[in-house]
Amino acid sequence: MTLAAGKAMSILLSPDIRTVILLLFSGNVLAIVMLAAYRRKEGLELAYRRYFAGKIFQALAWMLIGARGTIPDWLSADIGNGSLYVGFAFEGLAFALLEKREEKLTRLYASVTITGIFLFTIFSTTPALRVALSSASVGTITAMTAVLMLGSIQASRLRVLVACFYIAFSIMLAYRVAYAVLYPNQISVFQNGPIQALTYLMTFAFTLAGGAGFLLLLKEQSDSALAQAVNELQIRESLLTNIFNTSSVAIFLANDDGFISMANQRMAEMFGRSIDSLIGIPYLDCVSDVQRDEAQEQLSKLLSGEISFLKLEREYSRPDGSHFWGQLTATHMHDGQKNGHQLVGVIADITDLKLAEVNMRKMAHHDPLTGLANRALFSDRLQQAMMVAKRDQTRFALLYIDLDKFKLINDTFGHQMGDKLLQEVALRISRCVRDSDIVARVGGDEFVVLLRSVNTTEHALLVAEKVRIAHSKNFKIHEHDLSISCSIGIAMYPDDGTSEAELSAKSDEAMYMAKHGGRDQVQFANATTTSISP
């Protein structure tokens, strides 16, 4: 039993070196097969290719070294050992790529490799020197790789373990160098012995362990990148969710059938609903009834791709029956699987803006004190009335009203009292006419009235008298009883003129006739028409 154990130990410590070299070649081929079967992730392709190339160079090197004696010595020794250095350099650069430090280390690895090839070619004159120089070069490269991995800011346990393999291999090669220097006659590439056997066997183990370790590091790096991407995605999703929910405008998504699939908190507040009650309802249910048909047509065009963008002002309704104006900006996009379309809509509440626009238009066409039409709006309505009367062969009347004794009240009681009086006058005139008639303030205490479809002077006179009598009653303003009257001039279309200038001049002239006749009168522009006075 002891003899058998001794024989086994002898074979283990002094194996046939060519057989071991063949084993090293086979180990690298096996590593190449492992690498070829590995499914690498995008972004690590270059590191994978570098390591793959390194194993190919190492397999080539062992094939050339193992063929020594059957091929030229320069091919076996010089090219073989040079290929070995290049193979280990590519391995190191593969790890450098994993560390994203390739640019800094490529020159260093290249320098060590070229130096090793140069020294081996020039100075390897004896078998021992060949062993020493080749071991020194490979040991230097593997030591650099170990330092690279241990110096990583992300030195995981796996990375440290792989680095330990490289350190152990480097130490073994350093010991081999020392042995070759101290005992030059006892070592050569093909000479059997414990040092040689241990070196080659450890190289074989290192080849397999290094290949497996690199694949595990690739996976670790890929998993780390994936975890980082997921974390960044979660951060961005959280940020977008916060923006989505804290936005000052309503944001919603609708599917290709027009049903709301997502809505933010602002939309719930804007429409007076909860978010849950918005999800699943048709977007069109939020549009006011008067605009729903138009909204349906535009939504269909958007989702069908006939139009790609939509921006408009629209009236929306709430469940309680109230309405508001919103500016809709919408577009369509493919969903995540590109199977259908989704509507992306943003609604800004512009109710206050619309009210401001209405007020601006009103200010542009209405008297700010009384709210009546101003001269510009009255002129426009008068032009329209003349076109209609000309077309339909009808008549209408224009009343020019001037207040009597208004200046005295304004000077006595002040402008504030005078303004209040003008507002009360405007109300009394408006109550004396129909809604279809137009009342305007065209001066300080001057008013005009357009009586539509008044075909007789008697009808015009009746309305004018109603206005005059309404002003004969005292005005109670701020505990003061104010007494005024008015003088009214009447011009008839087309009797007294067929243009705005003619009618205005005639009615103004008739009003002055009423003033000069003693005030508090109604006077027609036609001198033959009887004037009315109290």
Side-chain angles (χ1 to χ4, degrees), residues 24 27-28 30-32 34-35 38 40 43-62 65 79-120 133-174 176-177 199 202-222 224:
L24 288 172
N28 280 279
L30 180 59
I32 291 171
M34 290 168 54
L35 289 166
Y38 179 74
R40 58 268 185 201
L44 301 174
E45 182 71 21
L46 186 55
Y48 167 86
R49 289 179 180 175
R50 287 284 169 83
Y51 198 87
F52 194 88
K55 287 304 174 185
I56 290 177
F57 273 104
Q58 289 179 46
L60 174 64
W62 292 119
I65 293 172
I79 302 300
N81 280 279
S83 298
L84 193 64
Y85 305 161
V86 172
F88 279 104
F90 270 115
E91 268 193 36
L93 287 175
F95 286 105
L97 278 170
L98 292 181
E99 300 294 334
K100 303 184 184 304
R101 294 159 62 184
E102 182 197 19
E103 293 182 1
K104 297 179 180 179
L105 295 172
T106 299
R107 293 180 181 177
L108 180 58
Y109 274 102
S111 299
V112 173
T113 302
I114 293 172
T115 301
I117 293 172
F118 174 77
L119 293 175
F120 187 88
L133 290 172
S134 62
S135 298
S137 297
V138 172
T140 301
I141 294 172
T142 53
M144 288 167 50
T145 304
V147 171
L148 169 67
M149 285 188 283
L150 290 176
S152 170
I153 58 175
Q154 298 177 342
S156 64
R157 291 182 180 179
L158 175 62
R159 201 173 296 260
V160 172
L161 180 62
V162 175
C164 288
F165 274 103
Y166 276 80
I167 292 172
F169 187 61
S170 300
I171 293 173
M172 182 65 223
L173 290 175
R176 189 172 183 234
V177 171
T199 301
M202 190 171 181
T203 304
F204 175 76
F206 173 76
T207 298
L208 297 180
F214 180 76
L215 293 180
L216 290 174
L217 285 176
L218 276 181
K219 185 178 185 303
E220 181 184 70
Q221 194 88 348
S222 177
S224 176

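This chain uses plain numbering: 1 for the first residue, then up along the sequence.
- Legend: residues meeting side chain to side chain donor-acceptor pair (under 3.5 Å) with Thr145, ordered by chain and number and at least two apart, are Tyr109.
- Taking both residues in full, the closest heavy atoms of Val177 and Ser135 are given as CG2-CB, 3.5 Å, listed atom of the first, atom of the second, then distance.
- Atom CZ of Phe52 has more than 12 neighbouring heavy atoms from other residues, nucleotides or ligands inside a 6.0 Å radius.
- With sequence neighbours left out, the side-chain contact (heavy atoms from CB on, under 4.5 Å) criterion links Leu60 to Met63, Leu64, Ser83.
- Within the model, atoms CG of Leu84 and OG of Ser137 stand 9.5 Å from one another, a figure rounded to the nearest 0.5 Å.
- In plain terms, the two heavy atoms of Gly80 and Ala61 that are nearest each other are O-CB, 3.1 Å.
- Scanning all heavy atoms of the two residues, the minimum distance from Gly82 to Ile117 falls at CA-CG1, 3.8 Å.
- Note that the CE atom of Met172 and the OG1 atom of Thr142 stand 12.5 Å from one another [nearest 0.5 Å].
- Pairing each heavy atom of Ser170 with each of Ala143, the nearest pair is OG-N, 3.2 Å.
- Between Asn81 atom CG and Leu119 atom CG the span is 12.5 Å, to the nearest 0.5 Å.
- Phe57 and Phe90 have their aromatic ring centers within a separation under 6.0 angstrom.
- A salt bridge links Lys55 with Glu91: the distance from a Lys NZ or Arg NE/NH1/NH2 to an Asp or Glu carboxylate oxygen falls below 4.0 Å.
- Residues Phe169 and Val138 have side chains in contact (heavy-atom distance under 4.5 Å, counting atoms from C-beta outward).
- Considering CG of Asn28 and CH2 of Trp62, their distance stands at 8.5 Å, rounded to 0.5 Å.
- Across every non-hydrogen atom of Ala146 and Ala163, the tightest pair is CB-O, 3.8 Å.
- The shortest distance between side-chain heavy atoms of Leu150 and Ile167 falls below 4.5 Å.
- Expressed to the nearest 0.5 Å, how far CD of Gln58 lies from CD1 of Ile65 amounts to 10.5 Å.
- From Leu133, atom CG reaches atom CZ of Phe120 across 7.0 Å, with rounding to the nearest 0.5 Å.
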